[in-house]
Each structure stands twice: as structure tokens, then as C-alpha cells.
Amino acid sequence: MHPYDARAIETQWQRHWKSTQAFRSTNPGEPGFDPKAPKFYVLDMFPYPSGSGLHVGHALGYVGTDVIARRKRMQGFNVLHPMGWDAFGLPAEQYAIQTGKHPRATTAENTANFKRQLELIGLSYDWSREIDTSDPAYYRWTQWLFLKLHERGLAYQAEVPVWWCEELKTVLANEEVINGRSERGNHPCVRRPLKQWMLKITAYAERLLADLDLIDWPESIKIQQREWIGRSEGAEIRFDVEHDGGAITVFTTRPDTLWGATFMVLAPEHALVKTITTADRRAAVEAYQKEATAKSELERGDASKTKTGVFTGAYARNPGFEAGDPRGRVPVWIADYVLLGYGTGAIMCVPGHDERDHAFAQAFGLEVREVVLPPKGAKGLADGVCFTEHGTAVNSGPIDGLATPAAKAKAIEWLVARGIGKARVTYKLRDWLFSRQRYWGEPFPLLHGADGSIVPVPEDALPVLLPEMQDFKPAPDGSAPLARAKDWVTTIDPRTGKPVRRDTDTMPGWAGSCWYWLRFMDPKNDQAAFSKEAERYWGPVDLYVGGAAHAVMHLLYARFWHKVFFDAGIVSTPEPFQKLFNQGMVEAFAYQDATGRLVASDEVEPRGHAFVQKASGAELQQIVTKMAKSLKNVVNPDDIIAEYGADTFRLYEMFMGPLADSKPWNPRDIPGCRRFVERVWRLFVDPEAEAPIKPQFALGAKEPALEGATLALERGVHRLVARTDDAFHHFNLNTAIAAMMGFLNDAMKTPEAFTRSQALRFVQVLAPFAPHMAEELWQRMGAPGEVARSAWPRPDPAFLVDDEIEIPVQVNGRHRATVKVPKDAEPAAVEAAARAGAGAHLDGKEVVKVVVVPKRLVNFVVR
RNA sequence: GGGGAGAUGGCGAAAUCGGCAGCCGCAUCGGACUUAAAAUCCGAAGGCCGCAAGGCCGUGCGGGUUCGAGUCCCGCUCUCCCCA
């Protein structure tokens, strides 16, 4: 009486794992720590616990890392596999404002729900290391680490034009504003100058770029980070303003084109605009400045857009020409395609060799001068085309005749010698806007004195607790909600006894995730963020898995903080995440009618190979898209597990395709995985019998001789292990499951030949994927301990190749026959066998050439 | 606009050292078992032609390299994702 009962088996083993703390990993110095075991730290990007819970797409990465973690444990690694909550942030607060529920309460509910869901999947996290970024025991150290940045001069306050969202009543980072609307909620945003906390990430630009070479990350992510950092080499050149005595400094990546600069453009916000603008141009200039402020940087930078700008009335001297040379007199304009934050906020314009300058000159009838001759064959100004590539310098005084790279170097030399310029490197990367006028975040541990001084809260006075507030709505004027907690704001500087005011901003949602992988190493420490020993042992993260969506922001911020800690001697590695892996998106089917309108998935039924709308019978087109509530195609793991069990759910998640690929969730495919699980069960257990396991697999069962079907299965087991190892190597775990299914099909054909020793190894291979069933079978077989801690089997090469192998025979590259030859047959023997096998295909033909690839194929080239 | 990834049966996919295209699964069809159905088991199946044997065509499209290309090179089309 042993039918397969997924629920019973899974709840029992989940309870067992919990009560025995089966997946707790030990730190150096703790009882049970094995100093000989190598460590493996496998980390998921921890979730923001939203109210809607996990869907099957989140679970993909978590199941993937779990399968990897479980196998690593079996391979003898001390595995750190933790989970926690990125719990501070805007959505919780928005929700709280809408519902009146305190974010602390909703966060607690949501994290409890997430944890329940994760446990239901049977994930082997070390829950003793669970962390919550909104817990004072955690954010105490976030504040402490912020002070380390502050100490090192990397946190400063500045009046900067920032995105202000009227609806959310807060400033947002550049990356949180899309097309002038907030990423969260899609509310309109405007730019406004405000005093804000900034982090000097630009000070680390060079190292963030260079150290990408140290880490094993997807090239695509590295490219995106390099792009974001945007290093460019060039020169800074000073242009004197006529009649004014002032000077405009520009940055250019093409100092060799100086002699082609026929005008200049300043960012509308550039400080010099005010002083150089002539009286007759003032009205036009000011009107234009006002307009530009409202635009996003993207709109302004868009090269495809028509150029706008106004003349300031002022002229500057191009220093490439002698005083008095009319070619050196260049008009100064302002235009919004020049950004204040990039380079110097001013450019020299070379309309002959820069697309945007060219468009601008065309639009306003400014002079175009050729100073770079295109190489033979390439189109240049002579053909009416703006030439931006490398060529030969012309009309350029001291650098005439030089190829662009040499011309650049010579131009810089020439500028330096005359004291009008120097080599310079700039970055697109900007400093990081780090404050928010919101409630649900880490308070800044800083005190403002009456005299304007700012001092850190002493370390022993941390954490600065977020005050309990009932009304934490943003104020209409944009001032921070914390400013209204009067008792909290007013305090005493413990060092001087003087009254001071607390800083009332909070940190952005990214703050908590800038160091959480370090806290997981030593999560209960109340003397330090983490101990040096723990960090030296566990760091860096060996495998970090998450969506490619975080390619830039989180991963760049995290690297930045980590490098600061490295410089401060707090961590021992220059990079936090040695290997990064991006799991693919889980998409879902959605359905469109003939007009392209989307039809909710629950109103659709299949008809043959097509799909129709239930109500109307209209034929629908099945499309693949992301899961969204509005499409009613979000799938919750709870439902799948309730119907099929966690082992089936895990198998399906992994069987869908390679971990890195995007692939659609197809509910019709899940029963296939369930069938596999049931077939495994029936191979081992006779549901009708008394015995918990078939006698041939029980402890003490006689091991038959390795011959006939048993030998074939033995080879099968070794091949299975080898294929599985390979699958882990490539993260295409679907092929491991395909291999298990293939082996199972073989074993089911000759079940009596399947031995206990083979069965044990099969269960071990199954264990990372379907851990509940594997543990249950392991126990029923009377095997020692838990399969989760058993030693992963090794394939023996002697069993991987059959004595006879099949060789395809081609004639002129076309497959014509297959011949069987001994595995070690000589090429001549293989060719002879192939010639016989090809038979009639060679009759009457002249064999020009024979290609024999040992163990692979034979190809006859004939005429 | 910039950047990234991808395109293989009705569907998810496999074949990454250039060597039998389609392992494994889903859906489909046929058979066995059953009073019947479900479940289970066995079998078929890329397309076209053919009773069959067999042949031809086939990895988004067009070229190229090679004895041999899903895989490498050049050009194109389309899709998805990311950044704003």
C-alpha cells in the first residue's frame, strides 16, 4: 500500500529538513566546521517581497541555484546558500499610503508569504541566516557602512538638478525615470534643483571598468557596464572669450579636429552663459534656457532629433589659430544637446566631422570646414557626407598630414606646450543621487549643527532608528516626512551636548542590497557588520544568479560599495561576485484576436492545434509575452505544487530549457514531468505490496553479475552521471533531466536487471532535482544518512564507451549507411567496413578521396 | 536612438572541437488492457513523392569557406530583452 503521495512525502521531508537544520552551513570556529572542505557560496539576487508573492518566473533562478547548491554539497563543498529580503523601498510605501497599513506590517506579511512559498518548493536555504534589510539589526550596519563612505569623502551634499515626481513627492534617480515618467507608477516628473546626498561613484570609474577583467561574468553584462561607465580619452582645450576676459574650457575626444572647430556650444545651464550673453540676445537665451530645463537628458541627447539652439551674441578664439586670423573667430551658441554633467558642459563644434555638430551647422547655416581627409574609397565632405572616422589631418597647421591617432597625440602635445590644453579622460558615469524624501528607508546617520556643520552619529549610537509615524505621506512641498517627527529630529550631539537636528532624508531602495552578500556570511553578528574571518572564508560569492535586468544599476552599485570596503580594509577581495549568471525570463502565452486585442488566458480553449475564444468561438493567435496581471497569465507556484507536487514543479522548471534562455511556461507540459516522477516511483516501489521498497533494492539485496542487461544498465548509469556533470557545467540542466528520463526508459524495459547499487546512484543523480522523492527512496532502500549528504557518484570512463560503435558512412557528404565497428578499429579496417556498407552508392563511381575520422565517420568523395 | 540575446518539427527543446539534424518531453494518431472511461503499457510520426523499396527537400533569408556547415565568415530579415 504505497501509492505515490507527493504531498505526504514532501511535507514530511520539509519538516525533517527544518527540524534537523539540514542545510545549515558552519562558519570557521563553529562546532562541526570542517576546515578541509572547500567552500562554495551560491547566491540568488534576493527578492523585494511584493504583495503579489512569487510567480514561477522568480522560482526559475531559485530552483536553479538550489539544484546547484545541492549537488555541490554532495560533492563535499561547504555550501553557503542563504536567502533574505530587500524590504525597504517605494512600492511598500506607496501601498501603505493607499491602504493606510504601515509598511512594517505589510512587509512582515509579504516576507512571511514569500518564505512560505520558498519552503514549499523545497529550497535548501540556510534559514538561520535569513536577513531583512528593514530590520534595525541589519540597517544599523548599512548606516555604519554609509559612514565609512562618508569618512572617505565619498558622500557629499550638492545642489543638483534632480528628477522630481510630483505624484510620488520625491526625487528619483536618473535610472528611475523613463521618458520623463517615474519607473514605478508611470507618473510625470520634472527637473528641479535640490540639495541632495550624492555618492562619488565617479571616483571609482576607472577601477569599476578595469576590474571587469578580473571576473567571470557574461560578456554582455560587462559590455553594458563599460557602456554605462563610458570612458573616453581626449583633451581639454581652453577657448578665450572675446572682449570678456573669460574662457570656455571644452572636452573633446578629437583634439586633432581643433582646426575644424567653427563654432561652440554651451549647455543652457552653463555658468558662463549669463556673463557672455550680449544684451540683444538675452531674451532669446533666457527663453531657451527655460525650455531646456523641462526636457529629459534622453530627449536632449537624441541625435536623430532636429537641433535647437540660440546664439549668445558672444565670440571666442579658436586657439589653433594666431590672434587676428579670421578663421579663429567662432560664435558661441547654447543648445540642449550639450549636457552640463558631461565633460565640461561645453563643446567645440567641428561640423565637418561630428554628426550632431553637422546637423546643427546645417540647421543654422554655420561654416563647415574639412580637416580630416577620408581614406581612399570612403565618402567624405566632398561627397556631402559628414566623415567621423579616422583619416588624415588637413588644413590643420602643425598636424597636417598625420593619421588620426598620431594627429591626436601631436595636437595634445602642441596644446600642452602652449599652455592651452591637456590630455584628459572623461566618463559618462555620474555621481549617484543617494537621498530620497521618503519614509520607508534607512535614515542617514548624520547630525546637522545650528552652524551648518554636519557630523556623523557616533558608531555606538547606531542604529538611528526610523521613527514610528502614522502619517508618513510626502509633504506637498516635497520636504521629507521625517522632518515632521519633531521629537526625533531634534536631538543632542552626544559628543558636545549641543542641540542638533537629524538628517531627514532616507537612503534609496538600492542601499540595503549594496552589501547584503557580506551580511549573509555572518548574519547574527552584533559587534560588526560581519567578522573578518567569515568574510575571508566565504568571500567572494562564487556564483551569483539573477535576471539580466540588474545588469547595470544593482551590479554597479554593489561593486562600488565593495571596492570602497576593500580600500577601507573591511573586505579582502576587490570584487564581490566572481561568477555571474543570468537566468532567462519565464514568459507566458497570451492570446490575440483578429484585431490584435488581447484575450485573457482563462477565456481561451484549445481546438486542435489552434486556440479559440470560449465565448465567441473566434480563432485566436497564440503569442509569447511576459507574465502580467493584465493578461491574466501569471502563474503562481502554489497552484502548481498543490496539483502536481514540488518535485514535479522543480523538474518542470529545469526541464523547460537551458537556465539562461527565455522560454514560455506551458501548463500542458507539466504532466510529462509528473509522469516521470511516478514512473521512478513505480520502478522502485510496488504500490500494491507490503514492503516499502522492491526487495531487489532493499538493504542486503544480492547484487547480480555485471553482464547482459545489467551490464547495459551499468553503462547507462555511468553515461547518466557523465551527461549530468556536463549539464551542470553548461547550466543546461534540462539535458540532465532528459538523460534521467532516457535511463529510466531503459531501466523500465529490464527492471529485473536493475541493481541496488545502480538504483542508489540513480537516486543520487535525481536528488538535486527532486530532493523529496530522492530522500524518500534513499531511506526506503535503507541507505545510510541522507542522500543530500551522500557522495556524488563519479563516472568510470571504462563504462562510457561500448565495445562496438556505430559509424555513419557518407558519400559526397550525404549520409548513406551506418556500419558497426569495434571501438578501437584501425582506420583501414573502418574504411573497409564503410566501403562494404556504402555498397551500391559507390558502384561505377571513382573514389577521389576518403575522409576517415576515427570514432566519428567515413566520407567517400566520388566522381 | 544605443546596447545585448536569439531564430531548429504542431509546441518546449537536443546536437557547441565543423562529422548520422530533431535525444527527452508535450500535443497528435494507432494498438493492448478495460463493460466503459481514466490511468498504464506498446507503437507511429520533420515535409513532399511513393503500395513499398527508396528518393528529393529541410535548422529565418541570400552568398561564401570546407570532403562535410544548425555550428565558421560576409550581407540581410524578423523577434525578444535591457538602457533610457
Side-chain angles (χ1 to χ4, degrees), chain A residues 3 163 173-181 183 218-228 230 296-305 355-356 428 547-553 582 584-587 589 606 608-611 622-626 651-652 655-658 660-676 678-679 682 687 719 723 726-727 729-730 732 734-745 748-749 806-819 840 847-863:
Chain A
W163 283 109
N174 277 329
E175 347 16 320
E176 291 168 322
V177 180
I178 301 164
N179 291 334
R181 302 185 81 89
E183 183 190 16
E219 201 49 40
S220 61
I221 301 284
K222 289 188 180 184
I223 287 168
Q224 287 178 68
Q225 293 221 342
R226 285 192 194 107
E227 182 71 20
W228 189 263
S296 74
E297 290 197 359
L298 176 80
E299 287 172 313
R300 293 178 47 168
D302 191 346
S304 65
K305 225 175 37 83
E355 294 284 358
R356 294 191 299 184
K428 244 183 340 203
H550 299 100
V552 177
M553 288 181 264
N582 296 122
M585 294 258 300
V586 172
E587 296 155 327
F589 294 125
H609 287 147
F611 297 89
Q622 187 183 56
I623 60 166
V624 169
T625 176
K626 64 175 155 192
L651 282 163
Y652 177 61
F655 188 59
M656 287 166 74
D661 288 10
S662 291
K663 54 238 159 188
W665 181 267
N666 189 353
R668 285 219 268 189
D669 287 343
I670 303 170
C673 289
R674 168 72 186 210
R675 270 197 279 274
F676 167 68
E678 289 182 5
R679 277 160 63 82
R682 286 200 310 274
R719 268 198 296 265
R723 275 188 75 182
D726 203 48
H729 192 243
H730 293 107
N732 51 358
N734 53 325
T735 63
I737 297 171
M740 279 187 258
M741 288 173 167
F743 177 81
L744 178 71
N745 290 343
M748 291 291 258
K749 287 195 179 94
E806 290 193 336
I807 300 279
V809 180
Q810 297 181 342
V811 177
N812 281 347
R814 295 184 81 75
H815 179 231
R816 291 302 182 187
T818 305
V819 294
V847 176
V848 186
K849 185 177 178 183
V850 183
V851 180
V852 179
V853 184
K855 296 183 183 175
R856 301 224 69 136
L857 68 41
V858 178
N859 187 17
F860 295 101
V861 184
V862 303
R863 250 204 306 256

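Labels below follow one simple rule: chain letters A, B, ... track the order of the sequence lines, proteins then strands, and each chain is numbered from 1.
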Out of [options], whichever nucleotide has its closest atom nearest the side chain of [X]:
{"X": "A/V861", "options": "B/C67, B/G12, B/C24", "value": "B/C67"}
{"X": "A/W228", "options": "B/C41, B/A84, B/G2", "value": "B/A84"}
{"X": "A/R856", "options": "B/C11, B/C82, B/G19", "value": "B/G19"}
{"X": "A/S220", "options": "B/G4, B/A15, B/C41", "value": "B/G4"}
{"X": "A/I223", "options": "B/G4, B/C24, B/G19", "value": "B/G4"}
{"X": "A/E227", "options": "B/C80, B/G2, B/C81", "value": "B/G2"}
{"X": "A/V851", "options": "B/G3, B/G19, B/C26", "value": "B/G19"}
{"X": "A/M553", "options": "B/C26, B/C24, B/C83", "value": "B/C83"}

Give one of base, sugar-phosphate or nothing for [X], where a contact means two heavy atoms less than 4.0 Å apart.
{"X": "A/V853", "answer": "base"}
{"X": "A/Q810", "answer": "base"}
{"X": "A/P671", "answer": "nothing"}
{"X": "A/D661", "answer": "nothing"}
{"X": "A/R816", "answer": "sugar-phosphate"}
{"X": "A/R679", "answer": "sugar-phosphate"}
{"X": "A/N745", "answer": "sugar-phosphate"}
{"X": "A/E219", "answer": "nothing"}

Report the residue from A/V848, A/N812, A/V809 that forms a side chain to side chain contact (heavy atoms under 4.5 Å, CB included) with A/F860. A/V809

According to the Watson-Crick and G-U wobble definition with distances under 3.5 Å, which dot-bracket string, read 5' to 3', encodes RNA chain B, using [ ] for crossing pairs and | for pairs with another strand? (((((((..(((......[....))).(((((.......))))).((((....))))..(((((..]....)))))))))))).

Interatomic distance where [atom1] belongs to [X] and [atom2] belongs to [N] [whole Å]:
{"X": "A/R226", "N": "B/G2", "atom1": "CZ", "atom2": "C1'", "value": "17 Å"}
{"X": "A/F860", "N": "B/G68", "atom1": "CZ", "atom2": "P", "value": "16 Å"}
{"X": "A/I221", "N": "B/C82", "atom1": "CD1", "atom2": "P", "value": "12 Å"}
{"X": "A/R675", "N": "B/A39", "atom1": "CZ", "atom2": "P", "value": "8 Å"}
{"X": "A/N859", "N": "B/A69", "atom1": "CG", "atom2": "P", "value": "10 Å"}
{"X": "A/E678", "N": "B/U40", "atom1": "CD", "atom2": "P", "value": "7 Å"}
{"X": "A/D726", "N": "B/C17", "atom1": "CG", "atom2": "C1'", "value": "13 Å"}

Between A/G672 and A/M741, which heavy-atom pair has the shortest distance, and what is it? O-CE, 4.5 Å

Classified by glycosidic angle (syn within 90° of 0, else anti), B/G9 comes out syn

Compare side-chain N and O positions of [X] against OP1 and OP2 of [N] and report whether any pair is under 4.0 Å apart.
{"X": "A/R814", "N": "B/C57", "value": "yes"}
{"X": "A/R682", "N": "B/C41", "value": "yes"}
{"X": "A/N582", "N": "B/A5", "value": "no"}

For A/F655, enumerate each residue passing the ring pair (Phe, Tyr, Trp, His ring centres under 6.0 Å) test, keeping only those at least two apart in sequence or located in another chain. none

Whole-angstrom distance between B/G9 and B/C26, as gauged at atom C1': 13 Å

